[in-house]
Amino acid sequence: MIPGLSVFRDHSALADAASRFIVRTLAAGIAQRGTVSLVLSGGQTPRAVYQRLRHVALESGLDWGGVDLFWGDERSVPPDHPESNFRMAREALIQHIAIPEANVHRIMSEYPPAEAAARYEAEIREHFGLAGGQIPVFDTVLLGTGDDGHIASIFPGSSAETEKDELVSATFVEKLQTHRITLTLPVLKNANELCLLVTGAAKAKVLRDVSAGESFQLPVHQILTARGKIHWFADHDAASLLHERKTE
Ligand code: 6PG
C-alpha cells in the first residue's frame, strides 16, 4: 500500500488529474501567500502533464504571475539542447503561458556543472532569503523516478545521494557517463507537497518495492520520510504489480 497513491487508466488520465491537482494547489497557495513555488521535473513523463497544465490553468484563471518556476534537476547541456529539461518545459508549457521571465528560475546548465550548481544554489538562497544552513521550503515539487529508483538526478550510488549540506549538487552519473545538476534530498524532502508522476511498466517494480516498504534505501524510498505531503500519480502499467484499484 502506498499512502497518497492514485492509479489512472492511462497516461492521459494521469496528466489530466495531476494538472488539476497542481492548479488547485498553486491557486490555494497564491490565495494564502500571494506567491507559490513550483519545481518542475524532467524526463518524458511530465511532458503530457505540462501540456495539459497550460489548458487547465487557463480554464481556472490561474495567475502565473504568482508562480515561481524552478527545476528539480537538469542535464549538463545548453538550454536549447534536445535533452534539456528546461527546453522540454518551455515547449510544453512556458512559451504558452503568461509567466514573467523573472519567475522562471532555470538551472544555467550551459556553464560547467559545478558552476551551474553554485549559480542555482545562489539564486535559490536569494529567492527565499536563506541564511547559512537554512533549507528552502518549495511549495510543490514534481518528481519522476527511474526504474533504478532515482529521483531528480539523485541516482543510487552517486555523490548526490549522500549530499546533506548543499542545496544543489553537481553529480557525475556513472550509468549515464554524464554530469547532472540536482536539488539534493534535504531540499526535496522539505517541500510542502511532493507529486510523484510514474507511468509505464518499467516503473512497476520500483512502485512495488515502495509499496512493500522494502528496506532498501533507494533515493525514491528516502523521500517517504519527507516533511510534507506525498502524492503519487501512477498509471495502470506502473501500478500493475500493486493491489490498489484504479482511481480513474
Ligand atoms: C530527468 C528527470 C528524472 C526523471 C526520471 C524518469 O532529468 O530525467 O528529472 O529524474 O524524472 O528519470 O524519467 P521519465 O519520465 O523519462 O521516465
Side-chain angles (χ1 to χ4, degrees), residues 8 10-12 14-15 18-19 22 38-53 69-93 105-110 113 116-117 120 138 140-161 163 168-185 187-189 191 194-207 209-210 218-223 226 230-240:
F8 300 90
D10 56 26
H11 198 155
S12 172
L14 181 149
S19 55
I22 293 164
L38 172 62
V39 177
L40 298 181
S41 176
Q44 292 313 308
T45 301
R47 185 190 299 271
V49 176
Y50 301 161
Q51 289 167 338
R52 187 78 192 105
L53 185 57
L69 282 185
F70 294 83
W71 274 260
D73 68 321
E74 187 55 276
R75 290 82 182 277
S76 189
V77 295
D80 58 354
H81 190 279
E83 289 187 17
S84 163
N85 288 337
F86 167 77
R87 173 174 162 174
M88 186 273 277
R90 186 187 61 207
E91 290 173 350
L93 175 65
H105 309 269
R106 73 174 179 87
I107 300 171
M108 310 286 271
S109 52
E110 62 272 32
Y120 192 44
F138 285 107
T140 302
V141 172
L142 308 184
L143 287 171
T145 182
D147 57 9
D148 59 358
H150 77 265
I151 50 172
S153 283
I154 303 170
F155 285 77
S158 70
S159 60
E161 193 179 23
E163 179 52 58
V168 183
S169 180
T171 178
F172 185 75
V173 182
E174 282 298 328
K175 72 181 285 190
L176 303 175
Q177 284 297 298
T178 186
H179 282 91
R180 292 283 189 94
I181 300 104
T182 186
L183 292 180
T184 56
L185 275 169
V187 174
L188 296 175
K189 290 175 68 171
L194 283 166
C195 293
L196 275 288
L197 308 171
V198 190
T199 60
K203 315 291 175 76
K205 187 181 172 305
V206 169
L207 277 194
D209 295 348
V210 170
L218 292 175
V220 71
H221 291 99
Q222 304 235 6
I223 54 141
I230 308 177
H231 309 270
W232 298 79
F233 294 81
D235 70 358
H236 179 66
D237 289 343
S240 57

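Note: hydrogens, waters and symmetry copies are ignored here, and every other heavy atom, side chains too, is used. In each ligand, atom 1 is the first atom listed, and ligand 1 is the first ligand listed.
Each of the atoms 1 (C), 2 (C), 7 (O), 9 (O) of ligand 1 lies under 4.0 Å from some heavy atom of Asp73. Interface of Asn85 with ligand 1, defined as ligand atoms under 4.0 Å from a residue heavy atom, comprises 1 (C), 7 (O). Taking a cut-off of under 4.0 Å to the non-hydrogen atoms of Gly144, the atoms of ligand 1 that pass are 11 (O).
Two residues are said to be in side-chain contact when any heavy atoms from C-beta on lie closer than 4.5 Å; Ile181 and Val168 meet this criterion.
The nearest heavy-atom contact from the protein to atom 8 (O) of ligand 1 is Arg75 NH2, 2.7 Å. Nearest to atom 13 (O) of ligand 1 among the protein's heavy atoms is Gly43 CA, 4.0 Å. Considering only non-hydrogen protein atoms, atom 6 (C) of ligand 1 sits nearest to Thr145 O, 3.5 Å. Scanning the protein heavy atoms around atom 15 (O) of ligand 1, the nearest turns out to be Thr45 OG1, 2.6 Å.
Considering backbone and side-chain N/O of Ala152, one or more are found under 3.5 Å from N/O of ligand 1. The distance criterion of under 3.5 Å between nitrogen or oxygen atoms is not met by Ser153 with respect to ligand 1.
No heavy atom of Gly72 sits closer than 4.0 Å to any atom of ligand 1. For the pair Lys203 and ligand 1, a heavy-atom separation below 4.0 Å is found.
For Ser41, the side-chain contact (heavy atoms from CB on, under 4.5 Å) test picks out Pro46, Tyr50, Leu142, with sequence neighbours left out.
Aromatic ring orientation, Phe70 versus Tyr120: tilted (interplanar angle from 30° to 60°).
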Report the C-alpha separation of Arg180 and Ser153 in whole Å, then their side-chain angles, then the decisive distance to 0.1 Å, and conclude whether the side-chain hydrogen bond (donor to acceptor under 3.5 Å, both in side chains) test is met. CA-CA 6 Å; Arg180 292 283 189 94; Ser153 283; 2.7 Å; yes
Determine, step by step, whether Lys205 and Asp147 satisfy the salt bridge (Lys or Arg N to Asp or Glu O under 4.0 Å) criterion, reporting the C-alpha distance in whole Å, the side-chain angles of both residues, the deciding distance to 0.1 Å, and the verdict. CA-CA 7 Å; Lys205 187 181 172 305; Asp147 57 9; over 6 Å; no
side-chain hydrogen bond (donor to acceptor under 3.5 Å, both in side chains) between Thr184 and Ser169: does it pass, once the steps are laid out? CA-CA 6 Å; Thr184 56; Ser169 180; over 6 Å; no
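For atom 16 (O) of ligand 1, the nearest non-hydrogen atom from the set Arg180, Glu83, Gln44 comes from Gln44.
Side-chain contact of Ser109 with Ser76: a donor-acceptor pair under 3.5 Å is absent, judged by distance alone.
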